[in-house]
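Below: the structure, in structure tokens.
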Amino acid sequence: MSDVNDTEFTHVMFLLSAIPGQEDFHLWISIAFGLVYAIAIVGNSVILVIIKTEPSLHEPMYIFLSMLALTDLGFLIATMPTTLGLYFFNFREINLHACIFQMYFVSVLLFTESGVLLSMAFDRFIAISNPLRYSSILTRPRIATMGLVSVIRALTVLIPFPVFLRQFQYCRSNVLTHSYCRNEDILKLACSDVGLRGMYGMIIKILTMGLDLPLIFFSYVMILKTVLSITSRVESLRALNTCVSHFCAVLLLYTPEFSLSVITRFVKDASPLLRILLNYVSLLVPPLMNPIVYSVKSKPLRERIIKVFTM
């Protein structure tokens, strides 16, 4: 299917794109992507199974970790069909409705994960600042409510997305720059006046993820204040060590995602290859690395995982 230019059409077919200029390494890229997806799916699935089946891990920290793993699995499942279909079978076409559907659920999962990370920051703050009341404050119903609020918030604020994108006319090139659908990518192909509707995605991201991040930072300021008041150096380091995994998860999610959003919208002469690489980092690195980081830093979880694979 050739690119479509300067002609309005109703039944839009977009073309997904692989990494440009790397055609000679396409086979190896396909294999690498397949391995990353497989490892990430297995890693997050193992985390979920172990937490569910091990009663000693039914604590707030691990319940929140299971939410994080479930969200990461959602990312992988939502993007795997188009990404692996493109790289393994060169399936490039995706219609407007399927593209909007994928974009919506990827965005919902992204905002949900941000909310889960905020809840995990609150969990670490309570665990360090008020350990004696930790279990009474973070009860299972309260944890479930926090997770549900993260999901409902994401579903609600993103409802206008599909409506807006469906209203636009697409008469420029029909070639997307990624292997799955992103809001910023689709908007670039609209020839109708997007106006404030086109800025809705960025506004909502600022009001959700952009608000979550300062709250997470504030939690760490309070954690650090509490840790500095502990007289024992060993206890202080032990308390901080429980936050390392969460801090890494925050960096893995926010750094590439915000960098990609800013570059896509405001840096017109940015290298296309840089945007694509950041896209894959934001898509694949958090689901791949989160299980690894938490397994390495959490001794109880690490021991259960070793036990599973050595039985």
Side-chain angles (χ1 to χ4, degrees), residues 1 3-4 8-18 33 37 40-41 44 67 69-116 147-148 150-192 194 197-205 208-209 253 257 260-261 264-265 275-276 279-280 282-284 286-287:
M1 181 178 179
D3 297 356
V4 180
E8 291 191 5
F9 50 96
T10 303
H11 302 290
V12 182
M13 293 296 295
F14 293 126
L15 296 180
L16 302 167
S17 297
F33 272 53
Y37 268 103
I41 288 174
N44 285 283
M67 293 180 186
L70 194 61
T71 308
D72 284 338
L73 273 177
F75 270 120
L76 298 170
I77 293 170
T79 59
M80 185 169 58
T82 54
T83 301
L84 295 188
L86 171 65
Y87 280 98
F88 277 100
F89 307 108
N90 199 33
F91 292 159
R92 297 188 63 194
E93 292 188 354
I94 182 170
N95 65 51
L96 175 63
H97 295 95
C99 198
I100 291 175
F101 184 83
Q102 184 185 51
M103 181 279 305
Y104 177 75
F105 279 100
V106 169
S107 299
V108 166
L109 290 164
L110 179 65
F111 286 20
T112 299
E113 182 153 332
S114 178
V116 171
L148 189 61
S150 297
V151 175
I152 292 175
R153 181 189 68 167
L155 289 170
T156 303
V157 300
L158 290 167
I159 286 176
F161 262 169
V163 178
F164 291 160
L165 293 176
R166 187 65 185 87
Q167 291 174 346
F168 297 148
Q169 291 290 335
Y170 301 91
C171 59
R172 296 182 179 135
S173 170
N174 63 335
V175 180
L176 301 171
T177 57
H178 302 297
S179 61
Y180 70 99
C181 298
R182 291 182 61 94
N183 176 54
E184 304 96 326
D185 211 11
I186 302 173
L187 281 174
K188 283 188 172 182
L189 306 184
C191 59
S192 50
V194 297
R197 293 175 297 175
M199 293 296 294
Y200 183 80
M202 178 60 72
I203 293 170
I204 290 302
K205 183 172 285 189
T208 51
M209 295 181 68
L253 177 70
E257 184 60 34
L260 181 60
S261 295
T264 301
R265 290 180 179 273
R275 289 199 298 266
I276 291 170
N279 168 70
Y280 286 127
S282 66
L283 170 65
L284 296 175

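- Of the possible donor and acceptor atoms, none in the side chain of Glu113 sits under 3.5 Å from a partner among the backbone N and O of Thr71.
- Across all their heavy atoms, Leu109 and Ala78 have their closest contact at CD1-CB, 4.3 Å.
- The nearest pair of heavy atoms linking Leu86 to Ser179 is CD2-CB, 3.6 Å.
- In this structure a side-chain-to-backbone donor-acceptor pair under 3.5 Å is present from Asp185 to Thr177.
- Between the side chains of His97 and Arg166, a donor-acceptor pair is found at a separation under 3.5 Å.
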* Asked: Could you go step by step and tell me if Leu15 and Glu93 meet the side-chain contact (heavy atoms from CB on, under 4.5 Å) rule?
  -> CA-CA 5 Å; Leu15 296 180; Glu93 292 188 354; 3.6 Å; yes
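- Contact between Ala18 and Ile276 at its shortest, heavy atoms only, is O-CD1, 4.3 Å.
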* Take Leu284 and Tyr37, measure what side-chain contact (heavy atoms from CB on, under 4.5 Å) needs, and give me the verdict at the end. => CA-CA 8 Å; Leu284 296 175; Tyr37 268 103; 3.7 Å; yes
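- A heavy-atom distance below 4.5 Å is not found between the side chains of Tyr104 and Asn183.
- Within the model, atoms CG of Leu253 and OG of Ser114 stand 6.5 Å from one another, a figure rounded to the nearest 0.5 Å.
- Atom CE of residue Met80 and atom CG of residue Leu73 lie 9.5 Å apart, to the nearest 0.5 angstrom.
- To the nearest 0.5 Å, atoms CG (Leu96) and CG (Asn174) are separated by 11.5 Å.
- The shortest side-chain heavy-atom distance between Ile94 and Met13 does not fall under the 4.5 Å cut-off.
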* Evaluate the side-chain contact (heavy atoms from CB on, under 4.5 Å) criterion for residues Arg92 and Ser17: first the C-alpha distance (whole Å), next the side-chain angles of each, then the deciding distance (0.1 Å), finally the verdict. => CA-CA 7 Å; Arg92 297 188 63 194; Ser17 297; 3.9 Å; yes
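- Considering every non-hydrogen atom in both Cys181 and Leu176, the closest pair reads SG-CD1, 3.9 Å.
- Within the 4.5 Å cutoff, the side chain of Asn44 has no heavy atoms near those of the Leu70 side chain.
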* When you look at Leu110 and Phe75, which way does the side-chain contact (heavy atoms from CB on, under 4.5 Å) test go after all the steps? -> CA-CA 8 Å; Leu110 179 65; Phe75 270 120; 3.8 Å; yes
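- The aromatic rings of Tyr200 and Phe164 lie perpendicular to each other, with more than 60° between the two planes, well past the 30° mark.
- The minimum heavy-atom distance between Ser150 and Gly115, with the atom names listed, is OG-C, 3.4 Å.
- With rounding to the nearest 0.5 angstrom, the CD1 atom of Ile41 is 5.0 Å from the CG atom of Leu76.
- Contact record, Ser282 with Arg182: OG-NH1, 4.3 Å, taken as the closest heavy-atom pair.
- Contact check for Thr112 versus Leu155: no side-chain heavy atoms found under the 4.5 Å cut-off.
- Of the options Asn279, Thr79, Thr82, a side-chain hydrogen bond (donor to acceptor under 3.5 Å, both in side chains) to Tyr180 is made by Asn279 and by none of the others.
- For the residue pair Tyr280 / Thr83, no side-chain donor-acceptor distance below 3.5 Å is found, with atom types taken as modelled.
- Between Leu84 and the choices Phe33, Phe91, Phe89, the side-chain contact (heavy atoms from CB on, under 4.5 Å) rule is met once, by Phe33.
- Within the model, atoms CG of Leu189 and CD of Gln169 stand 13.0 Å from one another, a figure rounded to the nearest 0.5 Å.
- Within the 4.5 Å cutoff, the side chain of Leu165 has no heavy atoms near those of the Cys99 side chain.
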